[in-house]
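The chains referred to below are lettered A, B, ... by the order of the sequence lines, with proteins before strands, and numbering in each begins at 1.
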Protein chains: 2
Amino acid sequence: MELENLLKQRGLKVTDQRKAIVKVLKDCNCMLSARDIFDKVKQIIPGVNFSTIYRNLDLMSRKGILCGLMVDTGVSLYGLHREEGHHHHLVCKGCGRSMAIDYCPMSSVEKELAKKGFSPTEHEFIVYGFCGSCGTSGRGE
Amino acid sequence: MELENLLKQRGLKVTDQRKAIVKVLKDCNCMLSARDIFDKVKQIIPGVNFSTIYRNLDLMSRKGILCGLMVDTGVSLYGLHREEGHHHHLVCKGCGRSMAIDYCPMSSVEKELAKKGFSPTEHEFIVYGFCGSCGTSGRGE
DNA sequence: ATTCAGTTGCAAATAATTTGCATTTATAAT
DNA sequence: ATTATAAATGCAAATTATTTGCAACTGAAT
């Protein structure tokens, strides 16, 4: 019921596909690619179309309901937007999950940017590696 | 002549297309997309093929002659590898140029990662914004 | 000069994402 | 409840970025 209000507040209609996308992300509690989300939503709504997924991931990200992340392979990952505010991510190369970290490097570079006359708008900080369960050796591919 | 040795050291043949790619990146002194590089190399070698560009960007990046960077639109940018070592980038949304910054946030998160049992392998830190010449307002597109 | 692995051009294939359009649907107004 | 309508969806086709198979070519070692 909470999601319904969130969507309405942002002027978005409450549709089954949007509810399914959010459910999938809530259940997984990690960030997923559009394809992963599509596959999981299909188990809930067999007839969903991929373009509906893409349109909603984009729209809900722009409305602050989801947040997107571009990883170094050029694929976007999406997750629920954390209200707690700004944060960055660890991406596990073993299981593909991502976790949040609160540390943000921006305050440490502000002076250097000002000196260069650069006005920052966005930034990203992503750490790739292996999480506790996947270990330093990874799990192959 | 320096490049020729660099290529040979890495077991790569010295070809006109490789020389042209490096020349383009040296002249621009910034990071460019594969398409930009292709367009500029074509002015030197009209017959180059796009796949040759891609193969060499990938190969020379893996050999440490170039370095690649995935920006948040999902496009890779390539530049000459700076021997001076590890660094990160500012990407101007006005002119598309990128500059290096030396600050690296990794040392500040090491403890937090260790606590989470996460073993980092790679990381990226990119700041988007507008450089001195493009100003805070940007220049449209 | 000969050899041969490495490299290139070409064309076709992938993969990720976007778009146009007709149909459907959630919501607001009746 | 019914209706009107803008928003949302499904579908198919288009884009964009990148990759791959393969035959022809070329740099470098002999």
Side-chain angles (χ1 to χ4, degrees), chain A residues 1 3-22 24 31-63 65-66 68-78 96 141, chain B residues 1 3-22 24 31-63 65-66 68-78 96 141:
Chain A
M1 197 59 24
L3 168 65
E4 324 230 335
N5 293 330
L6 197 57
L7 288 167
K8 284 178 182 164
Q9 276 168 28
R10 311 294 208 278
L12 300 181
K13 290 184 179 173
V14 179
T15 65
D16 290 345
Q17 353 329 60
R18 284 175 186 159
K19 285 190 282 187
I21 290 171
V22 171
V24 161
M31 302 196 80
L32 297 173
S33 65
R35 167 152 295 280
D36 290 340
I37 294 168
F38 174 57
D39 290 340
K40 287 177 192 290
V41 168
K42 256 198 303 202
Q43 293 169 12
I44 304 173
I45 306 173
V48 241
N49 192 272
F50 217 148
S51 57
T52 299
I53 302 294
Y54 272 110
R55 276 191 279 238
N56 281 319
L57 292 176
D58 177 52
L59 191 55
M60 291 196 281
S61 294
R62 282 189 287 112
K63 296 292 185 176
I65 297 170
L66 304 182
L69 171 66
M70 172 70 60
V71 299
D72 62 0
T73 53
V75 172
S76 291
L77 301 183
Y78 296 88
E141 175 74 353
Chain B
M1 198 58 26
L3 169 65
E4 324 230 334
N5 292 331
L6 197 57
L7 288 167
K8 284 178 184 166
Q9 275 169 28
R10 310 295 206 280
L12 301 180
K13 289 184 181 173
V14 178
T15 65
D16 290 344
Q17 358 321 63
R18 284 174 186 159
K19 285 191 281 187
I21 290 172
V22 172
V24 161
M31 303 196 79
L32 297 172
S33 66
R35 168 151 295 277
D36 290 340
I37 294 168
F38 175 56
D39 290 340
K40 288 177 190 290
V41 168
K42 256 199 302 204
Q43 292 169 14
I44 304 173
I45 306 173
V48 238
N49 193 271
F50 217 149
S51 57
T52 299
I53 301 294
Y54 272 110
R55 277 191 279 237
N56 281 317
L57 291 177
D58 177 53
L59 191 54
M60 291 195 281
S61 295
R62 284 190 286 110
K63 295 292 185 176
I65 297 170
L66 304 183
L69 171 66
M70 173 69 59
V71 299
D72 62 0
T73 53
V75 172
S76 291
L77 300 183
Y78 296 88
E141 175 77 352

Length of the CG-P vector between A:Asp39 and C:dA16, whole Å: 11 Å

First of B:Tyr78 and A:Thr52 reached from the 5' end of DNA chain D, by closest nucleotide: A:Thr52

OP1 or OP2 of D:dT18 under 4.0 Å from side-chain N/O of B:Ser76: yes

Nearest-angstrom distance from the residue atom CZ of A:Arg18 to P of C:dT27: 10 Å

Under 4.0 angstrom between A:Tyr54 side-chain N/O and C:dT17 OP1 or OP2: yes

Between D:dA8 (P) and A:Ile45 (CD1): distance, integer Å: 15 Å

A:Asp36 and A:Lys40 ion-paired at < 4.0 Å: no

Presence of A:Gln17 side-chain N/O under 4.0 Å of C:dT25 phosphate oxygens OP1/OP2: no

Side chain to side chain, A:Leu59 and A:Arg18, heavy atoms closer than 4.5 Å: yes

Which nucleotide in C:dT27, C:dT8, D:dT9 has an atom nearest any side-chain atom of A:Val14: C:dT27

Sole candidate of B:Val48, B:Ile37, B:Ile53, B:Asn49 that passes side-chain contact (heavy atoms from CB on, under 4.5 Å) when paired with B:Lys42: B:Val48

C:dA16 OP1/OP2 closer than 4.0 Å to side-chain N/O of A:Ser33: no

side-chain N/O B:Asn49 vs C:dA11 OP1/OP2, d < 4.0 Å: no

Under 3.5 Å donor-acceptor pair, B:Arg55 side-chain atoms to C:dG9 base atoms: yes

Nearest-angstrom distance from the residue atom CG of A:Leu57 to P of C:dT17: 9 Å

Donor-acceptor pair under 3.5 Å, A:Lys13 side chain vs D:dA6 base: yes

Sugar-phosphate only, base, or nothing, as touched by A:Asp58 at under 4.0 Å among non-hydrogen atoms: nothing

Whole-Å distance separating the CG atom of A:Leu32 from the P atom of C:dA16: 14 Å

Heavy-atom check, side chain of A:Leu7 versus side chain of A:Lys13, under 4.5 Å: no

Earlier contact from the 5' end, DNA chain D, for B:Ala34 and B:Lys8: B:Ala34

Side chain of A:Ser51 (C-beta onward), nearest among C:dT19, C:dT8, D:dA17: C:dT19

Over all atoms of both residues, closest heavy-atom pair of B:Tyr78 and B:Gly68: CD2-CA, 3.9 Å

Among D:dG10, D:dT9, D:dA17, the one nearest A:Val48 by side-chain distance: D:dG10

Donor-acceptor under 3.5 Å (B:Asn56 side chain, B:Thr52 main chain): yes

A:Arg35 side chain near C:dA15 phosphate (N/O to OP1/OP2, under 4.0 Å): no

A:Phe50 CZ - C:dG20 C1' separation (whole Å): 19 Å

Nearest-Å distance for atom pair CD1/P, residues B:Ile53 and C:dG9: 8 Å

